Amino acid sequence: MMRKRGISLLLSVMLCISLTACGNETTETVNNNKIELIEPVNMVANVEKAACRNLYNCEVYPASVYPTVTEYSFAKDMVIDGTGAFWGDEVKKGDVLVYGNTEKLDEQIEALEEQIAKKDESMQEALENLNESLKKPREEENSLKGTVEAYEKIKPEEKIPASQLNGTTVTPGDSVSADTLVDNPAYAAWKKEADVWIGRYRIIEHSNNVQEENYRQQEELYQLERAYLLEKLEAMKNERSKSLLKATGDGVVVAKLMGNNYGEMSVQAEQELIAVGNMEQKVLKCDYINDMKVGAADDMYALINGVRYELEYHPVSREEYTEITEAGGKVYSTFSILGDTDKLEVGDFAVVCVFADKKENVLSVPKEAIHKDGSKYYVYLMKDGESVAREIETGITD
């Protein structure tokens, strides 16, 4: 105990002497305005000529190459019947990925198709009946038409000169001359017979035309109704197609977001069910980079396997960002890789370089050569073999 107390007293005396000496030296230096910068002790000297360089304020983000992934969901609430593709399956554009329940819609489509088929059959039957009922009347009509045309060919002149009347003598004092036109008795006889055939022809022609006109009106109504039914059928089929999730492009199923086996399961509209990756179309994903930083960047590119690739940024909407974060998920930034990506493989490591600022051909020194005193920066310049402190104003650091 006595030895420990002796050591403690000795340390106290030495500390007091040190503080007193420092206090006197500081007061004297301040009073005489002789503050001097002291070179750092035990530091390796970095002697280098200041040079003009290109400096860049760059942030780098680790990234990976991913396939372009499309997530599929129904546009409305749906009951799922089954799955058309599983993890790792290759799918083609148009392949069914998930089957929605279409039982009621299928029944409606079937009933409507039967209705259209019956109307088609009915109209076909009506046409056959019309043709059958008009077969003999049309033959008779054509026969009478031929007779009428024959009568037209032997039609005599309605008026003839008086001198041509058989058994007629024109004497002086008569009211007519030999050249006066008078009624032709032959025409009157011809007309009497021809009118009978013309009348019969016109009657049967009118009757046949009435039947054909009735059919045409019936057919026009049928065509209008058929067009409406076909439009309704097309709408039903379109609605049915919405009950089938189909691939919009070739790819591989990379995720099933609600398990592997779907069946008799209700899902909400816009609920992601399956994801397909296009291995030929590659993108980069990295930690989230906000829109403002990308928009303000002087330059941005990716380095993949030592090769520079230009990028196209895919912004994340505020709603999507909020939805992901509130659900406890992590938000990533996605970029399209421009140019030839055939040599890239899914899973390749990359870095995304975002340049916030760059200065070209500016005077610069290594960062290690800059020292700080309070809020001021300085460097040591070599002058006549001696180092001299000089205050500097710093810019960007790459």
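Bear in mind that the values here come from a model prediction, so they are computed numbers and not experimental data. We use all heavy atoms of the structure for the numbers below, so side chains are in, but hydrogens, waters and symmetry mates are not.
Side-chain N or O atoms of S333 include none that pairs as donor or acceptor with a backbone N or O of P315 at under 3.5 Å. With hydrogens and angles disregarded, no donor-acceptor distance shorter than 3.5 Å links the side chain of D287 to the backbone of Y61. A distance-only check finds no donor-acceptor pair linking the side chain of N184 to the backbone of K159 [under 3.5 Å]. Although no hydrogens or angles enter the test, the distance criterion places a donor-acceptor pair under 3.5 Å between the side chain of T322 and the main chain of R318. One N or O on the side chain of T68 and one on the backbone of Q281 form a donor-acceptor pair closer than 3.5 Å. The backbone N or O of E320 lies less than 3.5 Å from a partner atom in the side chain of S317, making a donor-acceptor pair. At distances below 3.5 Å, not a single donor-acceptor pair connects side-chain atoms of N305 with backbone N or O atoms of V307. D373 contributes no side-chain N or O that, together with a main-chain N or O of K376, makes up a donor-acceptor pair within less than 3.5 Å.
Other residues, nucleotides and ligands place more than 12 heavy atoms under 6.0 Å from the CD atom of E213. Heavy-atom contacts from other residues, nucleotides or ligands closer than 6.0 Å to CD of E90 number 12 or fewer. The neighbour count for E386 CD, taken as heavy atoms of other residues, nucleotides or ligands under 6.0 Å away, does not exceed 12. Counting non-hydrogen atoms of neighbouring residues, nucleotides and ligands closer than 6.0 angstrom, the NZ atom of K383 reaches no more than 12 such neighbours. Atom NE2 of H206 has 12 or fewer neighbouring heavy atoms from other residues, nucleotides or ligands inside a 6.0 Å radius. Surrounding CD of Q223 are more than 12 heavy atoms belonging to other residues, nucleotides or ligands, all under 6.0 Å away.
The pair E219-R216 does not count as a salt bridge, with every side-chain nitrogen at least 4.0 angstrom from each carboxylate oxygen. Here D183 does not pair with K191 in a salt bridge; the nearest charged N to carboxylate O distance is not below 4.0 Å. The residues D95 and K246 are annotated as not salt-bridged, no charged nitrogen and carboxylate oxygen being separated by less than 4.0 angstrom. Contact check on K118 versus E121 returns no salt bridge, with no Lys/Arg side-chain nitrogen under 4.0 Å from an Asp/Glu carboxylate oxygen.
By the 30° and 60° cut-offs, the orientation of the rings of Y56 relative to F355 is perpendicular. Between Y380 and H371, the angle of the ring planes goes over 60°, which puts this pair in the perpendicular group of the 30/60° scheme.
The salt bridge (charged side-chain N to carboxylate O under 4.0 Å, His left out) test applied to R226 returns D120, not counting sequence neighbours.
With contacts defined as side-chain heavy-atom distances shorter than 4.5 Å, the pair T248/Y72 qualifies. Residues F74 and V98 form a side-chain contact, since some pair of their non-hydrogen atoms from C-beta on lies under 4.5 Å apart.
Minimum heavy-atom separation, A63 to C286: CB-CB, 3.7 Å. Taking each heavy atom of V79 and S266 in turn, the nearest pair found is CG2-OG, 3.7 Å. Contact detail for N101 and M78: the closest heavy-atom pair is N-SD, 3.9 Å. Of all heavy-atom pairs spanning I204 and L144, the tightest one is CG2-CD1, 3.8 Å. Nearest heavy atoms, I304 versus F349: CG2-O, 3.7 Å. Here the shortest heavy-atom pairing between Y313 and I289 reads OH-O, 2.7 Å.
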| R308/E310 under salt bridge (charged side-chain N to carboxylate O under 4.0 Å, His left out): CA gap, chis, key distance, verdict | CA-CA 7 Å; R308 170 174 172 153; E310 302 303 321; 2.8 Å; yes
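For the atom pair NZ of K343 and NZ of K282, the computed distance is 12.5 Å after rounding to the nearest 0.5 Å. To the nearest 0.5 Å, atoms CD (Q271) and OG (S73) are separated by 8.5 Å. Expressed to the nearest 0.5 Å, how far CZ of R53 lies from CG of N361 amounts to 11.5 Å. Remark: E103 CD to D81 CG distance equals 8.0 Å, nearest 0.5 Å. Going from atom CG of N131 over to atom CD of E212 covers 8.5 Å, rounded to the nearest 0.5 Å.
No path of Ile, Leu, Val, Met, Phe, Trp and Tyr side chains, each step under 4.5 Å between heavy atoms, connects F335 with Y66, placing them in separate hydrophobic clusters.
Connectivity analysis of hydrophobic side chains (ILVMFWY, heavy atoms under 4.5 Å, direct or indirect) links V252 to V69, V254, M279, V346.
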